[in-house]
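Step one of this worksheet: look at the structure below.
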Amino acid sequence: PAIPSIDSTITSKTNSTMSVTYDFTGKVVLITGSSSGIGAATAVQFAQSGASVVVTGRNVDTVSDVAKQCLKVSPKGVKALEVTADVTKQEDLRRLVDQTIKHFGKLDILVNNAGATIKANVTDSDFYQNYEKVMAINLNSVVYLTHICVEYLEKTKGNIINISSVAGMRTSPNNGPYCMAKSALDMFTKCMAAELGAKRIRVNVINPGPVRTNFTTSLGMSLEMRDKVMAAFGNVIPVGRVGESDDIADNILYLASDHAAFVNGSQLVSDGGLVASNNLNFDLVKKYME
Ligand code: NDP
């Protein structure tokens, strides 16, 4: 499927009535999967709030596009660090952290956001391979990156925000590995919150509902189909719409800020009430995933 342009994945906050502003001046923020969607919006919001941002993904062009947007909004013109890396490769994660420390000298906030799913039914011949791939992207990468970042986050009394999904809380059709990975990520967050609190590192997780990004292209969904599915979700989500990348970026900046200084090990469900309403498994989604 065609890769949509980066502009379609970042929503503008200019029409927003919200006026929450944070000051992250001097903070160094590493956001995985920041070349698109939620991660890109988060990088731009952090840059706008004064932070030094590390933009990363596998695609050099989209990484560079987002870095340019960060520079444009940075109040003091702080240039983002661009790193092309595959989170499923330990050597890439090591290089990502090394380059961050070499360039900015420290790390204050880690946002584990990169993620993707692959349709997988247990009877498929390639089920186990796909299970391993989905675990590698959504879970193992986070575990390894956390492991190698703790020594730096301890020095800054920093924090970690993991991006899970409502799929970690409810099943979805032909999506078992992704649901399992996200569910394990929720528990990893709580284990790390308990373990790292003594080092004054906070760890929290966000479970977004459907958000209009490029995520569905990892399922081979066309943009037209994505928009159909999103419209249908909008009809069953209690607040009457799907999420936008900036909705989740807003949540991330709050959890990363001192306004959440006492929030540790918490799970922020940001889904317009979808899980509460039990409408996650409706017909259009079932039809597409079959
Ligand atoms: P996008 O597809 O728009 O962005 C995903 C990002 O992850 C991209 O920057 C992509 O960059 C990166 N990525 C994917 N695989 C790898 C890899 N192997 N190595 C490095 N980077 C990788 O999706 P979203 O913004 O929607 O997704 C962000 C997070 O939100 C994910 O964890 C997802 O599971 C979660 N989420 C999304 C929901 C939604 O409805 N959109 C709902 C609930 C949770 P590149 O391809 O260049 O490597």
Side-chain angles (χ1 to χ4, degrees), residues 1 3-11 30-44 54-67 82-93 95-96 111-118 132-142 144-145 161-170 172 175 177-183 185-186 205-221 223 226-227 229-230 233-234 237 241-249 251-252 268-272 274-275 280 285:
I3 306 290
S5 82
I6 187 66
D7 289 333
S8 71
T9 73
I10 305 177
T11 54
L30 166 54
I31 307 135
T32 64
S34 39
S35 56
S36 173
I38 293 168
T42 304
V44 172
V54 183
V55 179
T56 184
R58 288 165 303 178
N59 183 309
V60 68
D61 295 330
T62 49
V63 166
S64 169
D65 283 350
V66 174
E82 302 171 31
V83 182
T84 308
D86 182 338
V87 296
T88 64
K89 297 183 177 149
Q90 286 188 11
E91 63 274 21
D92 282 22
L93 291 176
R95 179 171 49 79
L96 176 60
V111 183
N112 284 308
N113 165 76
T117 190
I118 302 169
E132 288 192 312
K133 281 186 196 160
V134 169
M135 284 292 169
I137 297 169
N138 296 284
L139 181 65
N140 301 351
S141 67
V142 179
Y144 187 71
L145 194 54
I161 294 125
N162 294 327
I163 306 305
S164 177
S165 170
V166 290
M169 307 170 71
R170 295 287 185 276
S172 70
N175 208 13
Y178 181 71
C179 295
M180 291 162 66
K182 293 298 194 182
S183 186
L185 180 57
D186 295 346
V205 63
I206 298 173
N207 298 68
V211 181
R212 199 176 55 85
T213 67
N214 294 330
F215 183 78
T216 42
T217 53
S218 66
L219 283 163
M221 210 184 266
L223 281 185
R226 190 257 329 248
D227 290 342
V229 169
M230 288 290 150
F233 261 123
I237 291 175
R241 67 170 178 92
V242 294
E244 299 294 345
S245 294
D246 272 324
D247 289 317
I248 311 305
N251 303 150
I252 294 170
L268 198 165
V269 181
S270 187
D271 70 342
L274 183 59
V275 166
L280 201 55
V285 170

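Computed from a predicted model, the values in this text were never measured in an experiment. Both counts, for ligands and for their atoms, begin at 1 and track the order of listing.
Defined by atom type and a distance below 3.5 Å, a donor-acceptor pair is missing between the side-chain atoms of Thr42 and Asn113.
In terms of N/O distances under 3.5 Å, ligand 1 is approached by Arg58. For ligand 1, the polar-atom distance check against Lys182 finds a nitrogen or oxygen pair separated by under 3.5 Å. Considering backbone and side-chain atoms alike, Met230 places every N or O at 3.5 Å or more from each N or O of ligand 1. For the pair Val166 and ligand 1, the shortest N or O to N or O distance does not fall below 3.5 Å. Between Phe215 and ligand 1, a contact under 3.5 Å exists for at least one N or O pair. In terms of polar-atom proximity, Gly57 is not counted as a contact of ligand 1, lacking any N or O under 3.5 Å from an N or O of the ligand. Between Asp86 and ligand 1, a contact under 3.5 Å exists for at least one N or O pair.
Heavy atoms of Ser164 come nearer than 4.0 angstrom to ligand 1 in at least one pair. Residue-ligand proximity: Ala116 is placed with every non-hydrogen atom at 4.0 Å or more from ligand 1. For the ligand labelled ligand 1, residue Lys89 lies outside the 4.0 Å heavy-atom shell. Look at Ala136 and you'll find every heavy atom at least 4.0 Å from all atoms of ligand 1. The closest approach between any non-hydrogen atom of Gly209 and ligand 1 is below 4.0 Å.
Summarising the geometry, atom CD belonging to Gln90 is positioned 11.0 Å from atom CG belonging to Leu145; distances are rounded to the nearest 0.5 Å. Here CD1 of Ile206 is found 4.5 Å from CD1 of Ile252. Values are rounded to the nearest 0.5 Å.
Atoms of ligand 1 lying under 4.0 Å from at least one heavy atom of Ile163, given by number and element, are 29 (C), 30 (O), 32 (O), 35 (C). Each of the atoms 43 (C), 44 (C) of ligand 1 lies under 4.0 Å from some heavy atom of Ser165. Distances below 4.0 Å separate heavy atoms of Gly37 from the following atoms of ligand 1: 3 (O), 25 (O). Remark: ligand 1 atoms within the under-4.0 Å shell around heavy atoms of Pro210 are 40 (O).
Scored by the side-chain contact (heavy atoms from CB on, under 4.5 Å) test, Val63 finds Ser35, Val55, Glu82 as partners (sequence neighbours excluded). Residues satisfying the salt bridge (Lys or Arg N to Asp or Glu O under 4.0 Å) test with Arg170, not counting sequence neighbours, are none.
If you look at Ala85 next to ligand 1, the close heavy atoms, those under 4.0 Å, all belong to the backbone. Within the 4.0 Å heavy-atom criterion, neither part of Arg212 lies near ligand 1.
By the 4.5 Å heavy-atom criterion applied to side chains, Pro177 and Ile118 are not counted as neighbours. Proximity of Leu30 to Thr56: side-chain heavy atoms (C-beta onward) are separated by under 4.5 Å at one or more points. Within the 4.5 Å cutoff, the side chain of Asp247 has heavy atoms near those of the Arg241 side chain. With a 4.5 Å cut-off on side-chain heavy atoms, Lys182 and Met169 do not count as touching.
Closest heavy-atom approach to atom 39 (C) of ligand 1 among the candidates Val142, Val211, Thr216: Val211.
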